[in-house]
K.L.:
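Take a look at the following structure, please.
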Amino acid sequence: MKRLIPVIIAIALILAVGYFVFYPEFRERYEYSEEHADLMEYFNLTNDTEAAIILQDTVIPEKARIFDGTYYFDLDTVYKYFNTRFYVDEREGLVLYSLPDFTVRTVIGSQIIDKKSGEINRPYKVARYERDVLYLAVDFVREYTNFSYESFVNPGRMQVYTEWNDIRVAKINRDTQVRYRGGVKSAILTDIASGGRVTVLEVMETWAKVKTEDGFIGYVENRRLGEAYSERQLPVINYEEPEYKSQTRDHKISLGWHYIGGIAGNDTLTEVTRNTQGLNVISPTWFFLNDDEGNFLSFASSSYVSNAHGMGLEVWALVENMTNNVDMFEILSSTTKRTRLIANLIDAALLYNLDGINIDFEELRANTGVHFAQFIRELSIPCREHELVLSVDNYVPFGFNDFYNRKEQGVFADYVIIMGYDEHYKGSEKAGSVASINYVEHGIKRTVEQVPPHKVINGVPFYTRIWETKGSSVSSQAVGMELARDWVANRNLTPIWDEETCQNYAEHIDSSGARHQVWLEDAESLRVKFNVMENYEIGGVAFWQLGQETPEIWEVVLEYLSK
């Protein structure tokens with residue numbers, strides 16, 4: 001025994017030395033950290049009025065705000081993630097939201113919401129400015145948007161869902177922690193007890209990325225997870241998407257614009273429709289905006305409408321902004337002026353027994369786009385109520401005119417009309433077709449990407465341009481089909497079919513060396529356009545303008561309408 005004592009002592013000393021040498025390293029590598037993360041820093045919050053937004057399974061950069069115990073989103077956040085239909089009139093201090101039968105409104109800073117059923121008082125400010133930033137109460141946004149949310153404190157955060165899918169869920173099988181990263185040394189975000197549920201976002205070798213039911217996204221050890229199973233999230237059941245009913249027809253539209261330059265122009269109805277076949281809508285250019293207050297001049301005639309109806313034609317009167325010098329931003333950005341213009345249009349439509357209204361607001365500036373969209377929303381409400389067809393004229397879509405918001409038009413208006421011409425126009429720097437086939441198809445293709453095809457009408461030209469190019473000087477004259485044909489015949493020219501534009505083309509050089517060119521619109525060119533329109537199954541055709549066509553084109557129109 002005495003011999004063993006030195007051995008035992010030696011072993012004990014070795015163990016003691018080993019402990020003091022190796023345990024710190026072991027502890028550093030394998031012992032669980034008790035450090036807690038700074039949750040304000042984790043959620044990137046700067047003060048107690050901010051709340052993090054966990055959208056689906058991601059903490060987004062934007063923050064909610066908490067004012068007087070109520071959660072708010074700033075307007076940009078609402079637009080980006082939830083709903084772009086809220087409209088703000090900064091000058092009149094209003095927030096508006098257009099439904100199928102009424103426009104909800106609230107005064108910024110007020111607790112009152114004006115609905116069709118009357119005024120409703122909320123226990124919070126519905127919309128409010130804070131340091132020049134407009135905020136909307138989350139509960140107000142949710143009244144008109146399909147999403148759910150749950151809020152938590154310490155720190156402030158919101159779990160928000162706009163979609164509800166199948167998710168992977170697991171229960172925690174032993175008290176543990178959710179850590180900022182996978183690893184025992186990572187800081188703790190929150191403790192989670194045995195039996196707690198988590199959404200499993202990603203499984204790695206020894207750790208899993210999870211989300212807790214109160215919005216923490218971090219990592220737990222795989223051995224702390226029970227078996228994962230699939231679960232269907234429960235969607236919002238108390239929200240009903242509004243239905244913006246359309247008054248589209250059960251047949252193709254064949255619309256002719258009838259240019260009316262004055263009251264006497266109404267007398268030409270019989271003349272411009274004499275040779276037509278298949279025409280079912282006529283759109284007289286009757287209303288001309290004439291000030292910045294929402295008023296317009298009118299050439300409307302009850303007898304014209306009566307005669308058109310007798311011919312089996314619907315009358316969709318056109319209102320335009322091009323004849324007189326008016327400030328469209330001034331008119332459309334004012335709720336008072338929009339309301340006046342809409343009331344005037346509806347009064348005129350009812351007075352003259354119109355079937356529809358055709359909006360032709362051109363050359364708008366980009367900053368007017370949001371106000372134009374709100375005008376269409378608001379106008380659609382009385383049109384729907386009085387069964388008036390609302391159609392809107394649009395340029396061929398390109399990036400620079402996207403602010404006309406064809407997608408929103410496609411929800412609220414009955415028809416979205418493409419003005420499928422003016423590819424080359426009076427001010428063009430070089431001669432070219434008014435409506436080549438590629439240009440036409442581009443317009444249709446881009447429009448039906450945003451608007452249901454049965455709501456789309458493609459406008460085709462009954463005119464072309466005769467071009468003169470001399471040196472660097474380019475000029476043109478717009479002429480109807482018959483004048484263009486006569487111009488070619490008088491010069492003994494033989495048009496040739498141009499495959500690129502799908503039009504008959506003619507040119508000649510005069511004695512001065514000037515080059516004259518024409519891309520004809522005729523039955524052949526229209527037939528190709530109609531074939532493209534049929535391929536996209538759109539809602540019909542419009543013609544600019546009646547009286548400029550030759551009689552034989554109506555046989556081609558009938559062919560298209562019969563398909």
K.L.:
Is it true that the side chains of Thr339 and Glu378 contain a donor and an acceptor less than 3.5 Å apart?
P.N.:
no

K.L.:
Between the side chain of Ser562 and the main-chain N/O of Glu559, is any donor-acceptor distance below 3.5 Å?
P.N.:
yes

K.L.:
Going by atom types only, do Glu555 and Gln277 share a side-chain donor-acceptor pair under 3.5 Å?
P.N.:
yes

K.L.:
Can you see whether Tyr304 engages His258 through a side-chain donor-acceptor pair at a distance of less than 3.5 angstrom?
P.N.:
yes

K.L.:
Locate the shortest heavy-atom distance separating Phe288 from Thr323; write the atom from each residue and the value.
P.N.:
CD2-OG1, 3.2 Å

K.L.:
Quick check: are there more than 12 heavy atoms from other residues, nucleotides or ligands sitting under 6.0 Å from NZ of Lys563?
P.N.:
yes

K.L.:
Holding to side-chain contact (heavy atoms from CB on, under 4.5 Å), I want the full list of residues that pass it with Ala343, two or more places apart in sequence or in another chain.
P.N.:
none

K.L.:
Counting neighbours of CG on Asn325 that are heavy atoms of other residues, nucleotides or ligands and sit closer than 6.0 Å, is the number greater than 12?
P.N.:
no

K.L.:
Is Leu520 close to Val488 at the side-chain level, that is, under 4.5 Å between some pair of heavy atoms?
P.N.:
yes

K.L.:
Do Asp291 side-chain atoms and Val326 backbone N/O form a donor-acceptor pair below 3.5 Å?
P.N.:
no

K.L.:
Trp257 vs Tyr421 aromatic rings, parallel, tilted or perpendicular, using cut-offs 30° and 60°?
P.N.:
perpendicular

K.L.:
Compute whether any side-chain donor of one residue and acceptor of the other, for Asn401 and Arg406, lie under 3.5 angstrom apart.
P.N.:
yes

K.L.:
Examine the side chains of Thr285 and Glu320 and answer whether a donor and an acceptor come within less than 3.5 Å of each other.
P.N.:
no

K.L.:
Would you say that Ile418 contacts Asn394 through its side chain, given a criterion of any heavy-atom pair below 4.5 Å between the two side chains?
P.N.:
no

K.L.:
Any side-chain donor paired with an acceptor under 3.5 Å for Asp355 and His309?
P.N.:
yes

K.L.:
Looking just at side-chain N and O atoms, do Gln374 and Ser98 make a donor-acceptor pair shorter than 3.5 Å?
P.N.:
yes

K.L.:
Is it true that Trp519 and Gln517 share a donor-acceptor pair across their side chains at a distance under 3.5 Å?
P.N.:
no

K.L.:
Taking the ring of Tyr135 and the ring of Phe140, is the distance between their centroids below 6.0 Å?
P.N.:
no

K.L.:
Sort out for me which residue in Lys529, Arg465, Gln548 forms a side chain to side chain donor-acceptor pair (under 3.5 Å) with Glu521.
P.N.:
Lys529

K.L.:
Counting only heavy atoms not in Tyr79, do more than 12 fall under 6.0 Å of its OH?
P.N.:
yes

K.L.:
Please report the interatomic distance CG(Asn295) to CG(Leu289), rounded to the nearest 0.5 Å.
P.N.:
9.0 Å

K.L.:
Does a donor on one side chain sit under 3.5 Å from an acceptor on the other, for Thr145 and Arg142?
P.N.:
no

K.L.:
Heavy-atom count around Lys407 NZ within 6.0 Å, excluding the residue itself: above 12?
P.N.:
no

K.L.:
Output all residues satisfying salt bridge (charged side-chain N to carboxylate O under 4.0 Å, His left out) with Glu534, sequence neighbours left out; order by chain, then residue number.
P.N.:
Lys252

K.L.:
Is there a donor-acceptor pair under 3.5 Å between the side chain of Asp292 and the backbone N or O of Asp327?
P.N.:
yes

K.L.:
Without hydrogens or angle criteria, can the side chains of Tyr415 and Asp393 be said to hold a donor-acceptor pair below 3.5 Å?
P.N.:
no

K.L.:
With respect to Asp101, which candidate in Lys116, Lys245, Arg377 satisfies the salt bridge (Lys or Arg N to Asp or Glu O under 4.0 Å) definition?
P.N.:
Lys116

K.L.:
Does atom CD of Glu482 have more than 12 heavy-atom neighbours, drawn from other residues, nucleotides or ligands, at distances under 6.0 Å?
P.N.:
no

K.L.:
On a heavy-atom basis, which atom in Asn83 and which in Tyr144 lie closest, and how many Å separate them?
P.N.:
ND2-O, 3.1 Å

K.L.:
Do Trp487 and His508 have their ring centres less than 6.0 Å from each other?
P.N.:
yes

K.L.:
Do Phe73 and Phe82 have ring centroids that are under 6.0 Å from one another?
P.N.:
yes

K.L.:
Using a 3.5 Å distance criterion without hydrogens, assess whether the side chain of Glu92 forms a donor-acceptor pair with backbone atoms of Thr336.
P.N.:
yes

K.L.:
Do the ring planes of His371 and Tyr87 sit parallel (below 30°), tilted (30 to 60°) or perpendicular (above 60°)?
P.N.:
perpendicular

K.L.:
Output, in order, the C-alpha distance, side-chain angles, deciding distance and verdict of side chain to side chain donor-acceptor pair (under 3.5 Å) for Asn504 and Asp522.
P.N.:
CA-CA 8 Å; Asn504 283 306; Asp522 51 27; 3.0 Å; yes

K.L.:
Under a 3.5 Å distance rule, please check whether Asn280 uses its side chain to pair with a backbone N or O of Leu313 as donor and acceptor.
P.N.:
no

K.L.:
With sequence neighbours excluded, what pairs up with Tyr239 under the side-chain contact (heavy atoms from CB on, under 4.5 Å) test?
P.N.:
Asn146, Val236, Glu241, Pro242

K.L.:
Name the orientation class of the two ring planes belonging to Phe462 and Trp554 (parallel below 30°, tilted from 30 to 60°, perpendicular beyond 60°).
P.N.:
perpendicular

K.L.:
Between Asp414 and Thr248, is any side-chain donor less than 3.5 angstrom from a side-chain acceptor?
P.N.:
no

K.L.:
Are Glu423 and Ser436 linked by a side-chain donor-acceptor pair shorter than 3.5 Å?
P.N.:
yes

K.L.:
Any luck finding a side-chain donor-acceptor pair between Gln477 and Trp467 under 3.5 Å?
P.N.:
no

K.L.:
Please confirm whether Trp286 and Tyr259 have ring centers closer than 6.0 angstrom.
P.N.:
no

